[in-house]
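First up is the structure itself, then whatever we jot down about it.
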Amino acid sequence: MHLQLLPVFACLAAAAAAPTSTTPSSVASAGLSDALIAKVRANALNISTHSWEIGTLAEALTELEWPALSVFGADAIPPPRRLPARENARDVLQIAEQPQADLKPFVQYRVVANKAPGSLPLIDGDGAVGDPASIGSAVLLRNWTRPDLKNTSFSDAAAGQLQYLLQDAPRTPEGAISHRESQVQLWADFVYMAPPFIAYYGALQGGKAGQALLQEAYDQCRLYRDVLRDPQTGLWHHILLGDGTDDSLWGTGNGWAAAGMLRVLETIRGSASAKVMKEQQKNLTSWVDEILTGAWQYQHPNGTLFNYLNDATSFADTSSTALLATSSFRLATLTGSPRHIPAAVRALRLIRASVDADGWLQGTVDPLSFSTPSAPGVHSPEGQSFVLLLHSAWRDFLA
Ligand SMILES: *[C@@H]1O[C@H](CO)[C@@H](O)[C@H](O)[C@H]1NC(C)=O
Ligand SMILES: *[C@@H]1O[C@H](CO)[C@@H](O)[C@H](O)[C@H]1NC(C)=O
Ligand SMILES: *[C@@H]1O[C@H](CO)[C@@H](O)[C@H](O)[C@H]1NC(C)=O
Ligand SMILES: *[C@@H]1O[C@H](CO)[C@@H](O)[C@H](O)[C@H]1NC(C)=O
Ligand SMILES: *[C@@H]1O[C@H](CO)[C@@H](O)[C@H](O)[C@H]1NC(C)=O
């Protein structure tokens, strides 16, 4: 493993110049140790099984261990054609391909090799349109950096996933791609699952076709916000349209939306179309800020958010607290505005206090029910990845 964390501490002098109302040393001292993060990572690898959990973990591993290849890296698009030995992204690429001994839990998820013949989605999505696409960025990276140039299996798999999203999946009359296969329904979760893949695909393609995909990724964020945004708070409802809606202002749903829009924004910013898509970047920036502003007004004194952000009768949830803090550090790194940093640092301290000595995040919402805390002794796969995302975002903010 190549945890690249030490340079952070060499960069504190630079952070001292940053205009934050929270002192740099208080930001730096709020973080988790490398040793604990290594345990969080091992646990995340061991328990992530659903499509969206695997896709989120692939992104978390990229940001944590191979930051030069993540869209938050300064020069990540396109990645090198051949990855240097020191920056080989092996755990990320093996999610797309064949895991090695230390990644045993993924034996059943050689995603491309195990793809059902004739299926367009990368993996079974339990009825979700968006979730399988969350693994798409890892597949694109695998294709782009593959040593065997004749092998088109990764490219074909990514193209199939894109075709499914753009041509086969149901849509609203306005053009928002449904998050469900069986009915037209929008979930805030979708914004982390599909638009970042569509954007990364477009950024790697380049040219007019690539720009159209970047625009599509942006439009999906815009169309989702048009439907899901609550005008009173600026926060997003969880699930609207169709049968079985959840109109709550779900913490994790808002985290998915903010973190997904940030990835689309950074992908546009790193692409050849950055100059002609300025207004899209400006809008995405303000839409992320809108969610963070809405969420942190409900932060409790110990740093936590509640599962339903605006409902003090729900319960404290570390998962959404971690993901919204992640987005706060990322947005501040991008814009230079320290507005959400005090809230993010309070949240980071709460998360540090909530990761036990074995590397498990305690106090999560059950990610399958959305509405109840995780049962005692049961852990949240996405929550584990959110801790890794938070750690990476904090580290990059300090640097
Ligand atoms: C993964 O989880 C299983 C139990 O489900 C456990 O036996 C094993 O030790 C865990 N592996 C690691 C590397 O934590
Ligand atoms: C391409 O590479 C994948 C992963 O290594 C492998 O499973 C597949 O058989 C290869 N396809 C061809 C045509 O060589
Ligand atoms: C896969 O990589 C090749 C370059 O090796 C590139 O031409 C192709 O567009 C890539 N496929 C996708 C879907 O990005
Ligand atoms: C950006 O947002 C504004 C305000 O909602 C909207 O009028 C404008 O059309 C958006 N720009 C783009 C490129 O979508
Ligand atoms: C934080 O405070 C809330 C009440 O606002 C409480 O329910 C929760 O358990 C506290 N979290 C921790 C980790 O102490």
Side-chain angles (χ1 to χ4, degrees), residues 30 90 93-100 106-107 109-117 122 138-139 141-158 174-176 195 211-212 214-227 229 231 234 251 261 264-265 268 273-290 296-322 325 343 346-356 360-365 372-374 376 383 387:
R90 54 191 290 279
L93 299 185
Q94 285 162 14
I95 287 174
E97 195 186 5
Q98 179 171 358
Q100 293 178 2
F106 279 119
V107 167
Y109 292 112
R110 305 170 50 182
V111 170
V112 172
N114 284 344
K115 211 158 84 67
L122 288 166
V139 173
L141 185 63
R142 178 67 185 81
N143 170 64
W144 196 262
T145 59
R146 72 199 185 286
D148 177 2
L149 290 175
K150 287 202 214 82
N151 189 328
T152 62
S153 64
F154 299 103
S155 187
D156 295 345
E174 292 75 25
Q211 189 175 320
L214 288 163
Q215 180 66 36
E216 177 75 41
Y218 165 79
D219 283 337
Q220 290 304 318
C221 298
R222 178 175 59 78
L223 293 165
Y224 265 69
R225 176 176 171 273
D226 284 349
V227 172
R229 177 175 171 273
M261 288 195 287
V264 172
L265 166 58
I268 295 174
S273 301
K275 284 210 174 66
V276 294
M277 297 184 72
K278 286 278 188 220
E279 193 179 328
Q280 290 85 341
Q281 294 171 68
K282 196 169 133 248
N283 280 3
L284 288 166
T285 304
S286 78
W287 299 341
V288 172
D289 186 71
E290 173 180 59
W296 293 128
Q297 68 176 312
Y298 297 113
Q299 188 175 34
H300 291 249
N302 67 6
T304 200
L305 295 169
F306 270 32
N307 184 54
Y308 300 132
L309 289 164
N310 59 336
D311 179 357
T313 69
S314 74
F315 53 89
D317 168 41
T318 52
S319 283
S320 55
T321 302
R346 281 194 292 276
L348 175 57
R349 290 205 189 97
L350 182 280
I351 296 302
R352 189 178 60 185
S354 301
V355 175
D356 70 19
W360 292 111
L361 178 63
Q362 302 291 341
T364 54
V365 60
T372 50
S374 297
V387 175

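Numbers for residues simply follow the sequence, beginning at 1. If you're wondering where the values come from, they're calculated on a predicted model, not measured in any experiment. Just so you know, ligand 1 is whichever comes first in the structure, and atom 1 is the first atom listed for that ligand.
- A donor-acceptor pair is defined here as one N or O able to donate and one able to accept, closer than 3.5 Å; no such pair exists between the side chain of Thr321 and the backbone of Ala347.
- Leu214 is listed as a side-chain neighbour of Met277, based on a closest heavy-atom distance under 4.5 Å.
- Looking at Asp226, Asp219, Asn283, it is Asn283 that brings a heavy atom closest to atom 2 (O) of ligand 4.
- The nearest protein heavy atom to atom 11 (N) of ligand 4 is closer than 4.0 Å.
- Which parts of ligand 4 touch Tyr218 is read off a 4.0 Å heavy-atom cut-off, strictly below it: atoms 1 (C), 10 (C), 11 (N), 12 (C), 13 (C), 14 (O).
- Scanning the protein for heavy atoms near atom 1 (C) of ligand 5, the closest one is Asn302 ND2, 1.4 Å.
- At a threshold of 4.5 Å between non-hydrogen side-chain atoms, the residues Gln362 and Val355 do not count as touching.
- Side chains of Arg229 and Glu290 form a contact here, defined as non-hydrogen atoms less than 4.5 Å apart.
- A distance-only check finds no donor-acceptor pair linking the side chain of Glu174 to the backbone of Val227 [under 3.5 Å].
- Proximity annotation for atom 3 (C) of ligand 2: of Asn151, Val112, Asp148, Asn151 comes nearest, heavy atoms only.
- Residue Thr304 has no nitrogen or oxygen atom sitting less than 3.5 Å from a nitrogen or oxygen atom of ligand 5, judged on distance alone.
- Between Trp287 and Tyr218, the ring centre distance stays below 6.0 Å.
- Taking atom 5 (O) of ligand 5 as the reference point, the nearest protein heavy-atom neighbour is His300 ND1, 3.1 Å.
- At a heavy-atom cutoff of 4.0 Å, ligand 5 is contacted by the side chain of Leu350 but not by its backbone.
- The Ala316 neighbourhood of ligand 5 comprises atoms 7 (O), 8 (C), with distances under 4.0 Å to a heavy atom of that residue.
- Within ligand 4, the atoms closer than 4.0 Å to a non-hydrogen atom of Glu279 are 1 (C), 8 (C), 10 (C), 11 (N), 12 (C), 13 (C), numbered from 1 in the order shown.
- Met261 is not listed as a side-chain neighbour of Leu265, based on a closest heavy-atom distance of 4.5 Å or more.
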